[in-house]
**Q** 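Input: one structure, supplied below.
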Amino acid sequence: MLDTKIIRQNIGVVKNALKNRGSVMDLDELLEADARRRTLIQEADELKARRNQFSTRIARARTEGLDLEKEKSEMRSISERIKALDEQIREADEAVNRFVLEIPNIPHESVPVGKDAQDNQIVRTWGEKPEFSFTPKDHWDVGEGLSILDFKRAAKITGARFTVNWGAGAKLERALINFMLDVHTQEHGYTEVLPPFMVNRESMTATGQLPKFEEDLFATDDYFLIPTAEVPVTNLYRSETLPGEDLPLKLVAYTPCFRREAGSYGKDTRGLIRQHQFNKVELVRFADPARSFTDLEELTNDAEDILKKLGLHYRVVVLCTGDLGFSSAKTYDLEVWMPAQGVYREISSCSNFLDFQARRGQIRYRSPESKKTDYCHTLNGSGLAVGRTLAAVLENYQRPDGSVEVPEALRPYMRLDLIEPIG
RNA sequence: GGAGAGAUGGCCGAGUGGACGAAGGCGUUCGCCUGCUAAGCGAAUGUAGGGCCAAAAGCUCUACCGAGGGUUCGAAUCCCUCUCUCUCCGCCA
């Protein structure tokens, strides 16, 4: 969420940012509601000041045994007027709020202006495409060939876009989760948390999923299933003030993630790439605003480290203004090489939200120097999406006989060098 | 699911209709004092919004005692609804 005061004072900047994102919003409507709100507050506050003056006068008169009937009746009408004004303020507040909650974040100046994913820019590439003496199979064929991935039965017991992992497939998923958590906690200094997988409406609003993207979420009568651990983890400190000397606070969480994938019918229908439920290890940072972009670089490196240790070829791209997520000011995507399709697939998305989420969720920090409180900056990134990592391992480490070599880094977790077809 | 108790500032805790943004204590910060430390003394110490100001500083007003509504000239205090926490019983992994 942007500060209304800042929107008011920098209307040109905000309008331009919206245009670069390809968003069509009429900010004049907001400015009008904001102006109305301020006029009403001014009038109501003056009346309230008068009411308070009268009130003490009446109290004082009472101790002298006087009864100020005339003042009382005047007060009655003032109070009625105040009540009416308060109601109008509430409506204006709501109008402003409704509007402001739907305005996306302003892209950082270092973000390239562009229309869609075509305009994203490659920042760096790591490793090399593996060479195959045969035609590499898609990961779903590899997985089904080894009887470790079962899409048919998942469709039976639940529906499309779900998977059952069997045997070494289940173990590989679990190994990846543990491996990622261990690296981030032991080598990168993150603290592990295991949060609830369902959250309330306030939490979804703070991180920006609501009110705009409700159709992307699964929900029960009471709660929403999290689409990413970003939601519960960022909300850990909602409505709290963090000691500035604790920043950056680095948290890592494994959770399953649930997404409706509305509007992606017919896209990535096969395999593990686009599932309604998938596992993810998520990195979250609460940062000092002065150095949050340093934190973004660090966090991105932390995520990349997993791919390096797994020996998976990847590239880093910076998203252009048109491809940027709603809450983000700057995002790096990590794209892993998938040899069967011959494409790079997003496997991590690392973003700096500045104070956008912090303002929505009232997440503050107290500066040790100035002793003042201010909104902190929040960041997060996948470290990594586990299902897609598993898919990448199957494709990149497959052998001509249909078996899959276990990457070196995972062997201690798997206690296995090779995944072979059952009997 | 049933019965009961509670929610006040960074923390503890007082406050049952008027001068209460809120006693007292703890903590924190600054100053004084002491050979050092401890103790002691003094002062400061919430958040948000509006207005004045080019802006900051500053001044000023308003709101906030879990949330929302009601009664009243006036609500932390009385009434209603809701949320959350705790205790006991039942059920449950």
Side-chain angles (χ1 to χ4, degrees), chain A residues 1-13 30-101 194-206 220-224 232 235-247 249 256 286 355 358-376:
Chain A
M1 178 168 67
L2 306 174
D3 188 346
T4 347
K5 204 183 283 177
I6 290 172
I7 298 174
R8 200 193 301 149
Q9 287 162 356
N10 304 280
I11 188 69
V13 176
L30 169 70
L31 293 180
E32 195 198 309
D34 177 55
R36 191 168 63 242
R37 175 180 163 274
R38 282 180 295 138
T39 310
L40 289 165
I41 287 175
Q42 203 172 340
E43 194 183 339
D45 277 3
E46 275 167 26
L47 288 175
K48 283 174 185 173
R50 262 183 81 196
R51 178 174 69 182
N52 289 342
Q53 286 166 13
F54 264 102
S55 212
T56 51
R57 196 180 306 167
I58 290 169
R60 218 171 290 150
R62 205 180 58 126
T63 61
E64 293 161 18
L66 293 168
D67 193 17
L68 305 178
E69 214 29 72
K70 210 179 93 206
E71 277 80 354
K72 281 192 189 176
S73 72
E74 191 179 338
M75 283 297 303
R76 239 187 300 269
S77 66
I78 287 180
S79 276
E80 265 167 45
R81 178 97 185 97
I82 289 174
K83 199 189 278 183
L85 281 170
D86 275 346
E87 174 61 20
Q88 289 180 54
I89 291 170
R90 203 188 53 76
E91 281 166 17
D93 256 336
E94 218 168 82
V96 169
N97 220 3
R98 214 173 23 240
F99 206 100
V100 159
L101 282 173
L194 183 62
F197 304 155
M198 295 185 187
V199 299
N200 57 31
R201 185 167 282 275
E202 289 70 38
S203 295
M204 284 294 186
T205 306
T220 66
D221 285 347
D222 301 305
Y223 301 120
F224 293 92
N235 274 280
L236 282 172
Y237 295 111
R238 177 151 54 83
S239 306
E240 293 189 31
T241 303
L242 299 163
E245 52 272 25
D246 289 359
L247 302 180
L249 220 59
F286 298 84
D355 61 0
R359 181 171 282 111
R360 288 172 159 244
Q362 306 288 305
I363 307 167
R364 300 168 210 275
Y365 78 105
R366 187 178 299 277
S367 161
E369 300 87 45
S370 70
K371 308 273 187 261
K372 295 261 185 226
T373 60
D374 197 2
Y375 296 116
C376 67

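In this text, all values refer to a predicted model and were calculated from it rather than measured experimentally. Residue numbers begin at 1 in each chain, while the letters A, B, ... track the order of the sequences.
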**Q** In whole Å, I'd like the distance from the CG atom of A/Asp86 to the C1' atom of B/G50.
**A** 13 Å
**Q** C1' atom, B/A5 versus B/C64: distance in rounded Å?
**A** 26 Å
**Q** Check whether any side-chain heavy atom of A/Tyr375 lies under 4.5 Å from a side-chain heavy atom of A/Gln362, and answer yes or no.
**A** yes
**Q** State whether the distance check finds a donor on one side and an acceptor on the other, under 3.5 Å, for side chain A/Thr56 versus base B/G18.
**A** no
**Q** A/Leu85 has an atom CG; how far is it from atom C1' of B/G49, in whole Å?
**A** 16 Å
**Q** Is there a side-chain contact between A/Ser73 and the phosphate of B/C73, meaning an N or O under 4.0 Å from OP1 or OP2?
**A** no
**Q** Tell me what A/Thr241 touches on the nucleic acid: a base, only sugar-phosphate, or nothing, going by heavy atoms under 4.0 Å.
**A** nothing
**Q** Nearest to the side chain of A/Lys83, which nucleotide is it out of B/G50, B/G70, B/G74?
**A** B/G70
**Q** Which is it for A/Arg38 and A/Asp34 under the salt bridge (charged side-chain N to carboxylate O under 4.0 Å, His left out) test, yes or no, and what are the steps along the way?
**A** CA-CA 6 Å; A/Arg38 282 180 295 138; A/Asp34 177 55; 3.5 Å; yes
**Q** Return the minimal non-hydrogen interatomic distance between A/Ala33 and A/Ala95, and the atom names on each side.
**A** CB-CB, 4.2 Å
**Q** Taking the six-membered ring of A/Phe54 (Phe, Tyr or Trp), confirm whether the NZ or CZ of A/Arg51 is under 6.0 Å from its centre and within 45° of its axis.
**A** no
**Q** What is the minimum heavy-atom distance between A/Gly361 and A/Arg238, and which atoms define it?
**A** O-CG, 3.1 Å
**Q** Work out how far the P atom of B/C61 is from that of B/U8, and round it to whole angstrom.
**A** 29 Å
**Q** For A/Met75 and B/C73, what is the distance between atoms CE and P respectively, to the nearest whole Å?
**A** 9 Å
**Q** Is there a side-chain contact between A/Lys48 and A/Asp86 (heavy atoms, below 4.5 Å)?
**A** yes
**Q** Give the rounded distance in Å between these two atoms: OH of A/Tyr365 and P of B/U47.
**A** 14 Å
**Q** Suppose you measure atom C1' in B/A14 against the same atom in B/C20; what distance do you get, rounded to whole Å?
**A** 12 Å
**Q** Is the phosphate of B/G50, meaning OP1 or OP2, less than 4.0 Å from a side-chain N or O of A/Arg38?
**A** no
**Q** Which range-with-range stems can be found for RNA chain B when each stem has 3 or more Watson-Crick or G-U pairs in a row and both distances sit under 3.5 Å?
**A** B:1-7 with B:83-89, B:10-12 with B:24-26, B:27-32 with B:40-45, B:46-52 with B:58-64, B:66-70 with B:78-82
**Q** Flag the pair A/Arg50 and A/Glu74 as a salt bridge only when some basic side-chain nitrogen lies within less than 4.0 angstrom of an acidic carboxylate oxygen.
**A** yes
**Q** Distance between the C1' atoms of B/G40 and B/G50, in whole angstroms?
**A** 45 Å
**Q** Atom CD1 of A/Ile78 and atom C1' of B/U72: how far apart are they, to the nearest Å?
**A** 15 Å
**Q** Rounding to a whole Å, what distance do you find between A/Gln88:CD and B/G50:P?
**A** 18 Å
**Q** So does A/Arg8 get a side-chain nitrogen or oxygen closer than 4.0 Å to the phosphate oxygens (OP1/OP2) of B/G50?
**A** yes
**Q** Detail all sub-3.5 Å separations between protein N/O atoms and N/O atoms belonging to nucleotides 60-67 of chain B.
**A**
| residue | atom | partner | partner atom | Å |
| --- | --- | --- | --- | --- |
| B/U62 | OP1 | A/Asn52 | ND2 | 3.1 |
| B/U62 | O2' | A/Asp45 | OD1 | 3.0 |

**Q** Between A/Asp3 and A/Arg76, which is nearer to the 5' end of RNA chain B once each is assigned its nearest nucleotide?
**A** A/Asp3
**Q** Check whether any side-chain N or O of A/Arg359 sits under 3.5 Å from a backbone N or O of A/Met1 as a donor-acceptor pair, and report yes or no.
**A** yes
**Q** If the P atom of B/C26 is compared with that of B/C32, how far apart are they to the nearest Å?
**A** 22 Å
**Q** Go through the steps for A/Asn200 and A/Ser203 under the test side chain to side chain donor-acceptor pair (under 3.5 Å), then give the verdict.
**A** CA-CA 6 Å; A/Asn200 57 31; A/Ser203 295; 3.1 Å; yes
**Q** Rounded to the nearest Å, what distance is computed from the CZ atom of residue A/Arg90 to the C1' atom of nucleotide B/G50?
**A** 19 Å
**Q** Show me the protein contacts with nucleotides 56-59 of chain B, counting only N or O atoms at under 3.5 Å.
**A**
none

**Q** Mind calculating the distance between CD (A/Glu245) and P (B/U28) to the nearest angstrom?
**A** 13 Å
**Q** Write down the distance separating the P atoms in B/U29 and B/G21, rounded off to the nearest Å.
**A** 29 Å
**Q** In whole angstrom, give me the gap between the C1' atoms of B/A54 and B/G42.
**A** 40 Å
**Q** Closest approach of A/Asn235 and A/Ala206, non-hydrogen atoms and distance?
**A** OD1-CB, 3.4 Å
**Q** Is atom CD of A/Glu87 surrounded by more than 12 heavy atoms (other residues, nucleotides or ligands) closer than 6.0 Å?
**A** yes
**Q** Side chain of A/Gln42: nearest nucleotide among B/G74, B/G50, B/U71?
**A** B/G50
**Q** Does CZ in A/Phe197 sit with more than 12 non-hydrogen atoms of other residues, nucleotides or ligands closer than 6.0 Å?
**A** yes
**Q** If you take the centroid of each ring, where Trp contributes its six-membered ring, are A/Tyr237 and A/Phe286 closer together than 6.0 Å?
**A** yes
**Q** Write down the distance separating the P atoms in B/A38 and B/C30, rounded off to the nearest Å.
**A** 14 Å
